[in-house]
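Notes follow once the structure below has been shown.
Computed from heavy atoms alone, side chains included, the values below leave out hydrogens, waters and symmetry copies.
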Amino acid sequence: MAKVRLLQLGALVVVVALWALIAAVGVVSSTALPGPRSVAGALEDLAGSGTFWQAVGETLRGAVTGLVVAIAVGIPVGLVTGVYAAAEESSRLLLEILRSFPVIALLPVFLLVLGSTPGMKATVVFIACVFPVLLQAQYGARSVTSAIHETVHGYRIPRLLRFRRVILPAAAPSIMTGLRLAATTSVLVAIGVEVLTTLPGIGHMIMESQQAGASARAYAYILTAGAIGYTITLLAQFAEHRLLRWRPPARAGEE
């Protein structure tokens, strides 16, 4: 593990060094690509301002709201459609059609119906996140073997207890994978909506900085977005490790 961390840190140092070299040589103009020192200075200045933290809060508020609703809808629907074949077959066409639409392409429709409001941003995040959660929950529910189903039916275990003690634990690893993907997607989509609208947040501050010619500040906000996404990934991995402690660790080469 320590060796892997060192390799990752080394790769990061190489990328930053190349970035600094390109900026110093002047291959790309400083307006398009400011040096890492300029960006670090801009980030330090932003960290001491209330505007920065307000933008971060607005982005996280929209992302978390949409993600929570996606979880509340996606997990139950995914489990039900994964357990009952009739529910899965009847909803398959509708789900395939809905998940085929690019979320950003639907943004003008949401703007027309809901207006440029925080609720609209949360709605777009919900649409983007609900399908990874739903499909992973559905896949996890299907992973229960026929032998387990026959045992459950043979002992006449009540339906609610079956969901809680059999289906949900079996689907938990897949559900956690869906949650990890959706959590990262929620922040990216929230920022994308802010870039394309006038809604406050990190995306709006990136566009505002770009229009003002403050490229270092724009890159500082971009790095902040990346740091948030990475932090969310780490938190999701930690939660998965804690909640799925009962699962034996996977071994290399194991089928």
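A171 and L79 make their closest contact through CB-CD2, 3.8 Å (heavy atoms, listed as atom of the first residue, atom of the second, distance). Taking each heavy atom of T81 and S91 in turn, the nearest pair found is CG2-OG, 3.6 Å. What you find for P169 and P173 is that their closest heavy atoms are O-CD, 3.6 Å. Closest approach of A141 to I167, counting heavy atoms only: CB-CG2, 4.0 Å. Taking every heavy atom of both residues into account, E194 and P200 meet most closely at OE2-O, 3.5 Å. Counting all heavy atoms, side chain and backbone alike, A32 lies closest to V28 at CB-CG1, 3.7 Å.
I232 and L181 are members of different hydrophobic clusters when ILVMFWY side chains are connected at heavy-atom separations under 4.5 Å. Cluster annotation: I97 and L95 are assigned to the same hydrophobic cluster (Ile/Leu/Val/Met/Phe/Trp/Tyr, side-chain heavy-atom contacts under 4.5 Å, transitive). There is no path of hydrophobic side-chain contacts, each under 4.5 Å, that joins V125 to V68. V16 and L7 are members of different hydrophobic clusters when ILVMFWY side chains are connected at heavy-atom separations under 4.5 Å. I71 is not connected to L188 by any chain of hydrophobic side-chain contacts under 4.5 Å among Ile, Leu, Val, Met, Phe, Trp and Tyr, and they are in different clusters.
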Check: What's the verdict on side-chain contact (heavy atoms from CB on, under 4.5 Å) for I127 and F110, showing C-alpha distance, side-chain angles and the deciding distance?
Finding: CA-CA 11 Å; I127 297 296; F110 290 116; 4.0 Å; yes
Next item on the list: Take R99 and L135 through the side-chain contact (heavy atoms from CB on, under 4.5 Å) test and state the conclusion after the steps.
Entry: CA-CA 10 Å; R99 66 190 290 257; L135 294 175; 3.3 Å; yes
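Note on residues 198-216: pairs passing side-chain hydrogen bond (donor to acceptor under 3.5 Å, both in side chains), not counting sequence neighbours, are S116-T198, S209-R217. The salt bridge (charged side-chain N to carboxylate O under 4.0 Å, His left out) contacts involving residues 33-50 comprise nothing, where partners must be two or more places apart or lie in separate chains.
Comment: E88 engages R92 in a salt bridge, judged by a side-chain N to carboxylate O separation of less than 4.0 angstrom.
Taken from NE2 in H241 to CZ in F238, the straight-line distance is 7.5 Å, to the nearest 0.5 Å. To the nearest 0.5 Å, the span separating OG1 on T59 from CD1 on I202 amounts to 4.0 Å. One finds the CD1 atom of I191 at 13.0 Å from the CG atom of L199 (value rounded to the nearest 0.5 Å). How far CG of L60 is from CD1 of I228: 5.0 Å, rounded to the nearest 0.5 Å. Between L179 atom CG and Q136 atom CD the span is 9.5 Å, to the nearest 0.5 Å. Atoms CG and CD1, on L43 and I222 in that order, are 12.0 Å from each other to the nearest 0.5 Å.
Every residue two or more places apart in sequence or in another chain that forms a ring pair (Phe, Tyr, Trp, His ring centres under 6.0 Å) with F52 is listed here: Y221. Not counting sequence neighbours, the partners of V27 by the side chain to side chain contact (heavy atoms under 4.5 Å, CB included) test are I22, V25. With sequence neighbours excluded, the residues satisfying side chain to side chain contact (heavy atoms under 4.5 Å, CB included) with A216 are P34, S38, A42. Every salt bridge (Lys or Arg N to Asp or Glu O under 4.0 Å) that E58 has, sequence neighbours left out, goes to R61.
Atom OH of Y84 has more than 12 neighbouring heavy atoms from other residues, nucleotides or ligands inside a 6.0 Å radius.
Side-chain contact between L6 and K3: absent, with no pair of heavy atoms (C-beta onward) separated by less than 4.5 Å. For the pair T123/M120, no side-chain contact is recorded, criterion being any heavy-atom separation below 4.5 Å from C-beta on. Side-chain contact between Y219 and L33 is present, with heavy atoms from C-beta onward closer than 4.5 Å. When side chains are defined from C-beta on, L168 counts as touching I175, because their heavy atoms get closer than 4.5 Å. Within the 4.5 Å cutoff, the side chain of V73 has heavy atoms near those of the F126 side chain. The shortest distance between side-chain heavy atoms of L234 and Y230 falls below 4.5 Å.
In this structure, T65 contributes its side chain and G62 its backbone to no donor-acceptor pair below 3.5 Å. Side chain of W19 to backbone of G35: no donor-acceptor contact under 3.5 angstrom is found.
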